[in-house]
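Below is one structure; the comments refer to it alone.
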Amino acid sequence: MRHITKGFWLVGIAALIAAPLVIHNSYYLHLMVAIAILSILTLGLDVVFGYTGEVSIGHASLLGIGAYSAGVLVFLFNLGFWYALPLGLVMGGVFGLILALPALRVTGPYLAMVTLAFGTIIQILINEMVFLTHGPQGITLYTPLLVNLTEVMSWLPSSWSESLPSVKRIKEIQFFYLVAVALVFTIWVINRILRSRFGRAFEALRDSPIASDCMGVSVYRHKVLAFVISAVFAGFAGVLFAYSEQYIAPNNFSFELSILLLLAVAIGGRKSRVGPILGATIIVFLPNLLADIVLFRIVAGVIAAIALVWFIQSLVKRSESIRQRILPIILCLGFFGFSLWLKQITDFKLAIFGVMILFVVYYLPDGIVGFFRHFMPKPKPEQRHNSVAAKNHAAGFWNNPIKSANPEILRVKGLKKHFGGIRALDGIDLVVQSGTIHGLIGPNGSGKSTLMNLLTGIYNPTEGQIELDGQSLAGLNSSQIALKGVARTFQNLQLFNELSLTENIMVGLNHSYRSGFLATAFALPQARREEAAARQKSLEILHFVGLADQGDELAKNLPYGKQRLLEIGRALALSPTLLLLDEPAAGLTAPDIVELMAIIRKIRDHGITVILIEHHMDVVMGICDSVTVFDFGQKIAEGLPSAIQKDAKVISAYLGQSAT
């Protein structure tokens, strides 16, 4: 599969090299340049939209900021392309940061509204700041002659020089190759970023923000980072856009362009490199498609043919019911019939455009690339050959227990948490001894999970103190507490479903990296070594929880019991001193519970202190060293499991009657 991917990209690069030699029409060469420039922008937008799941309607304005960085240099200082290129990158990143810091405090439609307002403000400023931007009149630029060949041409015989291309043609070809190199560079850098710990963090925060914070991966910081990365590439594309179009004005960067850019990523396919490029190609060629009736019929026919093959293939494999697929095939064939019936297309442009978008968004939620992925063979696992070494290494690792100097790892004093008039916790005192399994039990609503959320920073206490290993956790957020050595699982599973098992574990290993962002983006040796070490460590942890043979499987495809084990493994990746398990046996079968109990004992024997919330009394009584009982937000009993079983208050709380 990797060889196929490499071959595909080599063919793409060869096509870029050959394009100016084959395409002699200046108009079509200009379209190729426009596709490459918008591809740079959509590849950056995919980092935000595809990977973090945030919707930005302000990227046209970021493109404008890059373009006007180039324009202002020409207008005020008469400085050219090579000065504009770094300035566009910097200005895109600066304005992206200015937008991201407040905007990413909100999510969903509110973020879209903030970015929309930002785009409107930028367009108004460009229009009104005449002294800087030349206002509505716009700014004229000229495509640079990167290498002046006129002197060389003058040395050649006249018969030769007459057959050589004109200076204008040389400019076009040189600028095309410059943009092509910029596109290849963008793909390479974004690949490095998204296949690293940063890309995994972006996907993790999209799937489960709470779990990301509890893994030490700050959701807010990584959202801001993703937005700034995207903005840098938007500014980069803006400079190239300005010199390609040779004229920029405020209406070049409208709200409609932002919508088109989002649609390009959605239609082409999120979370891929090909998808945004394909989407950029579509939005560049769509006006031409909707202007030529013959070309429109050809495209409609190709779509109908693909849909027919897809329908037949689904019938053969019986992958879905006929009802689910009959409507799309009817619509595609009807669309082709409509194109044959149509005599002229001008009056139907907007309607056809809208129908095409609705169809793709509704029936191809993963875009065109996502649709074709269903026909591609799944890649074979690449890590199995390391399994024996990982198993031996893991055994050695877990045979070296952690030794804590402090006999009391956790101390809670007078802890209260009130939700309005509801007292979820009301004055809890708790001491947990190092290297033990401490059980928390009590009826539903007694405050156990609330305590977990307070210990991990999801809630802030109304009153009271929490000390971990003698240090106060007051004022720390979830990611900071996680990095202090507190890891947890959740009552309702919070896995990163779109990541593999190995990648889920590697998200928990984010704290182990020391290389910076630039080292990762440019694949420097330190970053490569750390990535290899983290992958090996993840295999060791997967061996420990018994999931090494499924390391390349997506987390969402695991059976429920194995998902519980994966969540424990991911928590262990933090190298915690305190592990909080919130009902890990809920929903498990009897054999799975036996396996779970063995793993929890091994964790305790390794020196990691465990706090266990559980309703399975056989689990609590079988593995806990001490037990605390909650009822109505208060501690009603504490002691050895054998003593708790006989406590009258505990029996009353669970059974609603006194012990006989």
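Positions are given from 1, in the same order as the sequence printed here.
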*Please report the closest heavy-atom contact between Ile65 and Gly92, naming both atoms and the distance.*
CG2-N, 4.4 Å
*asked:* Tell me whether Ser479 contacts the main-chain N or O of Gly216 through its side chain, where contact means a donor paired with an acceptor under 3.5 Å.
replied: no
*So, Arg514 side chain and His511 main chain: donor-acceptor pair closer than 3.5 Å or not?*
yes
*Taking atom CG of Leu116 and atom CZ of Phe255, what is their separation to the nearest 0.5 Å?*
5.5 Å
*Is the shortest heavy-atom distance from the side chain of Leu558 to the side chain of Leu566 under 4.5 Å?*
yes
*asked:* Strictly distance-based, threshold 3.5 Å: is any side-chain N or O of Thr609 a donor or acceptor partner for the main-chain N or O of Gly435?
replied: yes
*What residue pairs, at least two apart or across chains, pass ring pair (Phe, Tyr, Trp, His ring centres under 6.0 Å) with a residue in residues 445-492?*
Phe419-Tyr459
*Using the ring of each side chain (for Trp, its six-membered ring), is His222 parallel, tilted or perpendicular to Phe202, with breaks at 30° and 60°?*
perpendicular
*Among side-chain atoms of Ser500 and Glu503, is any donor-acceptor pair under 3.5 angstrom?*
yes
*side chain to side chain contact (heavy atoms under 4.5 Å, CB included), paired with Ile409, selected from Thr436, Leu468, Val431, Val486*: Leu468
*asked:* If we count only N and O atoms by modelled type, under 3.5 Å, do the side chains of Glu530 and Ser515 hold a donor and an acceptor together?
replied: yes
*Are Thr589 and Asp592 close enough, and set up right, to give a side-chain hydrogen bond (donor to acceptor under 3.5 Å, both in side chains), and what steps lead you there?*
CA-CA 5 Å; Thr589 62; Asp592 287 338; 3.1 Å; yes
*asked:* Keeping Asn460 on the side-chain end and Gly475 on the backbone end, is there a donor-acceptor pair under 3.5 Å?
replied: no
*Can we say Arg411 and Glu408 salt-bridge, meaning some charged N sits less than 4.0 Å from an Asp/Glu carboxylate O?*
yes
*Give the minimum heavy-atom separation between Thr115 and Ile57, together with the two atoms involved.*
OG1-N, 2.9 Å
_Side chains of Phe233 and Leu43, heavy atoms from C-beta outward: is any pair under 4.5 Å?_
no
*Full working for side-chain contact (heavy atoms from CB on, under 4.5 Å) between His438 and Gln433*: CA-CA 8 Å; His438 192 106; Gln433 302 296 320; over 6 Å; no
*Give, for atom OG1 of Thr628 and atom CG of Leu430, the distance between the pair rounded to the nearest 0.5 Å.*
5.0 Å
*Write down the atom of Glu614, the atom of Ala585, and the distance for their closest heavy-atom approach.*
OE1-N, 3.0 Å
_So does Gln494 get a backbone contact from the side chain of Glu567, meaning a donor-acceptor N/O pair under 3.5 Å?_
yes
*For the atom pair CG (Asp429) and CD (Gln465), what is the distance rounded to the nearest 0.5 Å?*
10.5 Å
*Mind checking whether Phe517 and Phe198 have parallel, tilted or perpendicular rings, split at 30° and 60°?*
perpendicular
_Over 12 non-hydrogen atoms of neighbours within 6.0 angstrom of CZ in Arg221_ = no
*Quick check: are there more than 12 heavy atoms from other residues, nucleotides or ligands sitting under 6.0 Å from OH of Tyr220?*
yes
*Give the C-alpha distance, both sets of side-chain angles, the deciding distance and a yes or no for side-chain contact (heavy atoms from CB on, under 4.5 Å) between Ile122 and Phe118.*
CA-CA 6 Å; Ile122 293 296; Phe118 173 80; 3.7 Å; yes
*Under 3.5 Å, side chain of Asp46 to main-chain N/O of Lys271, donor-acceptor pair present?*
yes
*asked:* Between Ser230 (side chain only) and Ala226 (backbone N and O only), is there a donor and an acceptor less than 3.5 Å apart?
replied: no
_Which residues pass the side chain to side chain contact (heavy atoms under 4.5 Å, CB included) test with Gln491, not counting sequence neighbours?_
Ser449, Asp582, Glu583
*Candidate pair Leu476 and Lys484, rule side-chain contact (heavy atoms from CB on, under 4.5 Å), full reasoning*: CA-CA 10 Å; Leu476 300 182; Lys484 289 285 186 181; 4.0 Å; yes
*What are the two closest heavy atoms between Leu574 and Ala482, and how far apart are they?*
CD1-CB, 4.1 Å
*When rounded to the nearest 0.5 angstrom, what is the spacing between CG in Leu454 and CG in Leu415?*
5.0 Å
*Step by step, work out the side-chain contact (heavy atoms from CB on, under 4.5 Å) result for Val627 and Ile441.*
CA-CA 7 Å; Val627 179; Ile441 65 173; 3.9 Å; yes
*Tell me, with the steps shown, if Asn497 and Arg206 meet side-chain hydrogen bond (donor to acceptor under 3.5 Å, both in side chains).*
CA-CA 10 Å; Asn497 289 319; Arg206 181 200 62 218; over 6 Å; no
*Using only heavy-atom distances, determine whether the side chains of Thr462 and His418 contain a donor-acceptor pair under 3.5 Å.*
no
*Side chains of Ile611 and Leu581: does their closest heavy-atom pair fall under 4.5 Å?*
no
*asked:* Could you report the tightest heavy-atom contact between Leu41 and Ala234, atom names first, then the distance?
replied: CD1-CB, 3.3 Å
*Is the backbone N or O of Ala204 less than 3.5 Å from a side-chain atom of Ser212, with the two atoms forming a donor-acceptor pair by type?*
yes
_Distance-minimising heavy-atom pair for Leu194 and Arg273_ = CD1-NH1, 3.7 Å
*Flag side-chain contact, heavy atom, 4.5 Å: Arg197 against Val507*: no
*asked:* In the structure I gave you, are the side-chain heavy atoms of Leu612 and Leu440 within less than 4.5 Å of one another anywhere?
replied: no
*Under 3.5 Å donor-acceptor, Asp426 side chain and Gly633 backbone*: no
_If you define the side chain from C-beta out and look only at heavy atoms, does anything of Thr52 sit under 4.5 Å from Leu205?_
yes
*Within the distance-only criterion (no hydrogens, no angle test), does the side chain of Asp625 pair as donor or acceptor with the backbone N or O of Ile437 below 3.5 angstrom?*
yes
*Arg200 and Glu531 ion-paired at < 4.0 Å*: yes
*Taking the six-membered ring for Trp, are His59 and Phe49 ring centroids under 6.0 Å apart?*
no
_Regarding Lys223 and Glu54, does a basic nitrogen lie under 4.0 Å from an acidic carboxylate oxygen?_
yes
*Calculate, to the nearest 0.5 Å, the distance between atoms NZ and CG belonging to Lys448 and Leu425 respectively.*
10.5 Å
_Taking the side chain as everything from C-beta on, heavy atoms only, tell me whether Val217 gets closer than 4.5 Å to Asp213._
no
*Supply the atom-to-atom distance Gln536 CD to Ile541 CD1, rounded to the nearest 0.5 angstrom.*
11.0 Å
*Report yes if the side chains of Met506 and Thr502 come closer than 4.5 Å at any heavy-atom pair, otherwise no.*
yes
